[in-house]
Amino acid sequence: MSAGSLLHRERELGELGRALDEAGAGRPAVVLIQGPRGIGKTALLRAALGRTPANAVVLRARCHDNERDFPYGVVRQLFDPFMNGPGRPDRSERAQPSEFPAESPGGYLAEALPVVEPNASGTESGNGRHHVLNNLFHAARSLTTRTPVVMAIDDLHLADDASRQWFSYLARRLDGLPVALLATTAAEAADPLTADLGVLGHTRTVTPGPLCDSCVAERVSSAFGAPVDPELASVCHDLSRGNPLVLQELTARLLDARTSPGAPDMDAVLRIGAATLADTTLSWLRSSRPRAMELLTSLAVLGPGADLATAALLAGQGDLLADEAREALRRTDLIDPGPPETFRHELVRTAVLARTDPRVLVALHERAAALLVRLGAPAGRVAEHLMSSGTTGLDWALPVLRAAAREAAADGRLDDAACYLQRALAEATDPALIQSLTVQLGTVELHRDPAVCARYAAGLAAAADPVERARLLLPFAHPLLALTAAGAAVPFAEAAGALAATEDPAGELLLPLAAQAVLTGRRTADARRTSRPAAA
């Protein structure tokens, strides 16, 4: 693979080339290609192997999470061409030197590998382990008698513990040997193997970074076979964050959707981008870093303005688990490092929520509301979570919803205020509280939907006590209601008549109700005048 086929990787390929040159000159080299998933570590390793000296013995292995329970599984992969006994090895595609060494590793392998079968506890004694490691070292050294040796291991972080120990053991004993150990590994901050190897003088670390915006634009244009719209290229870079794996999948999906490179439908592009993130980075995170995914989901549920510290409380993660999850999230490049840490793109949050079980979301919103109340968050923020939860009867919910409704109404967000009060009515059981909430909701609907407001007013007019009925209707006494809602004046006229018939009607109640009726041409009878004789 040529350097030209790997964009933005000249420096990394140069480092790998120098390591191979050193092995060819009889000196050892250990190179760790380190970075997050999808950044192109495997592509770099393959490109490097295409530059190995023609006479070199090349041994390859690829690790997998499902094989961690097999001791020395990586070693067995590497030495597979020599596992057919102490004689000369098969000329397999794993190792194709021009001339195999006179001294074969088969004898050392035959002595070492049968010992590595796990005992009942799955471990070996200290002496037995050292015996195995020493024999495996001699097996590797035997290959270097006439030719340099290159060992390439993909995903070393997924190797079994015994193979990782062997890799460290071998790397620390390479002085004077023409051996290049090349391995890709995740960017784990606390990986003891990486720390162990980093102190060696012949170790170097290659950390491929994300593709720049111009490289992304070039790769997308190449995939489409035509120049792409600058906005499309920018969105592809923003969504993929320069990760080659995500970019490749995103580009493939855009091609499948027959996206026009010159005049794309950006809404469709964003939808495809959200689905791509969900099916690549988020799927991997869910399976490989479940704690990090829990933290990311909690951050998505909390919404704009949240931070990972609050998300960790919502997820129920202690400080240690939260720190590990936070570090894993930072390596995915899904969040801004902050502070505070936030989603790099709103589409990431959309994708997270779309991939979460609705039942889980309902429970998280309820827990988020309770948590934010304890933290003293604004009522409106708490109310948004209550609106998405499915539980009623929470003793602290009603005052929060009413306060949020007042704040929303004061800000002119009448739709939000009405929603909060409707949810509050679903929570209320006390008749007096239901009446009070109905009045509050009706005054909001007065400016939002007069017909709905009139229905609330008619319901409150059923109060038996004339004075109480008048007090309940007083907040609805507004010209807007009388002039825009058919029949709205009826309850006011009836309430004014009933109040006028009392012994000492309060003018501050009677006059607004009577005026509401007069606005529509209705007359309000004064019961006292018609039922009593005039004074002499």
Side-chain angles (χ1 to χ4, degrees), residues 301-306 346 349-350 353 361-362 365-366 368-369 372-373 376-394 396-463 468-492 495 508-509 512-513 515-517 519-520:
V301 167
L302 287 169
E346 181 61 21
R349 178 172 179 259
T350 301
L353 295 176
L361 288 178
V362 168
H365 279 297
E366 183 179 324
L372 292 175
V373 165
R381 188 177 172 195
V382 178
E384 283 299 313
H385 293 288
L386 283 171
M387 298 300 295
S388 298
S389 70
T391 303
T392 58
L394 303 172
W396 48 266
L398 273 169
V400 168
L401 290 166
R402 298 189 77 174
R406 286 192 294 270
E407 293 173 4
D411 291 341
R413 295 181 290 111
L414 298 180
D415 289 349
D416 290 341
C419 288
Y420 298 151
L421 290 170
Q422 288 164 358
R423 174 61 191 268
L425 275 173
E427 297 273 354
T429 56
D430 179 66
L433 182 57
I434 292 174
Q435 280 188 338
S436 177
L437 286 168
T438 303
V439 171
Q440 191 177 355
L441 179 55
T443 56
V444 170
E445 294 290 5
L446 177 63
H447 302 280
R448 181 171 174 269
D449 191 336
V452 173
C453 176
R455 290 198 294 272
Y456 285 123
L460 293 169
E468 178 65 16
R469 190 192 314 176
R471 291 188 185 280
L472 291 172
L473 286 174
L474 184 62
F476 298 85
H478 192 283
L480 179 65
L481 180 63
L483 298 175
T484 59
V490 174
F492 293 94
E508 69 274 13
L509 296 177
L513 298 183
Q516 191 79 352
L519 283 172
T520 58

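A distance of 9.0 Å separates CG of L425 from CG of L398, quoted to the nearest 0.5 Å. Separation of atoms NE2 (H385) and CG (L372) is listed at 5.0 Å; rounding is to 0.5 Å. Expressed to the nearest 0.5 Å, how far NE2 of H365 lies from CG of L302 amounts to 9.0 Å. Rounded to the nearest 0.5 Å, atoms NE2 (H447) and SG (C453) are 8.5 Å apart. The distance from atom CZ of R381 to atom CG of L386, rounded to the nearest 0.5 Å, is 13.0 Å. Taken to the nearest 0.5 Å, the CG atom of L414 stands 11.0 Å off from the SG atom of C419.
Between A417 and A405, the shortest heavy-atom contact is CB-O, 3.5 Å. Taking every heavy atom of both residues into account, R349 and V301 meet most closely at NH2-O, 4.3 Å. The shortest heavy-atom contact between Q440 and T443 is O-OG1, 2.7 Å. Heavy atoms only, all atoms of each residue included: A424 and L437 are closest at O-CD1, 3.7 Å. Of all non-hydrogen atoms in G380 and E407, the two that sit nearest each other are N-OE1, 3.6 Å. When all heavy atoms of L401 and A383 are compared, the pair lying nearest together is CD2-CB, 4.0 Å.
The pair R471-E468 fails the salt-bridge criterion, with no side-chain N (NZ, NE, NH1 or NH2) lying under 4.0 Å from an Asp/Glu carboxylate O.
The side-chain heavy atoms of V444 and Y420, taken from C-beta on, include no pair separated by under 4.5 Å. For the pair E445 and L421, the minimum side-chain heavy-atom distance is 4.5 Å or more. For the pair P491/R469, no side-chain contact is recorded, criterion being any heavy-atom separation below 4.5 Å from C-beta on. Side-chain contact between P512 and L474: present, with at least one pair of heavy atoms (C-beta onward) separated by less than 4.5 Å.
With S436 contributing its side chain and L433 its backbone, the two residues share no donor-acceptor pair below 3.5 Å.
Identified under the side chain to side chain donor-acceptor pair (under 3.5 Å) test for residues 449-463, with sequence neighbours left out: none.
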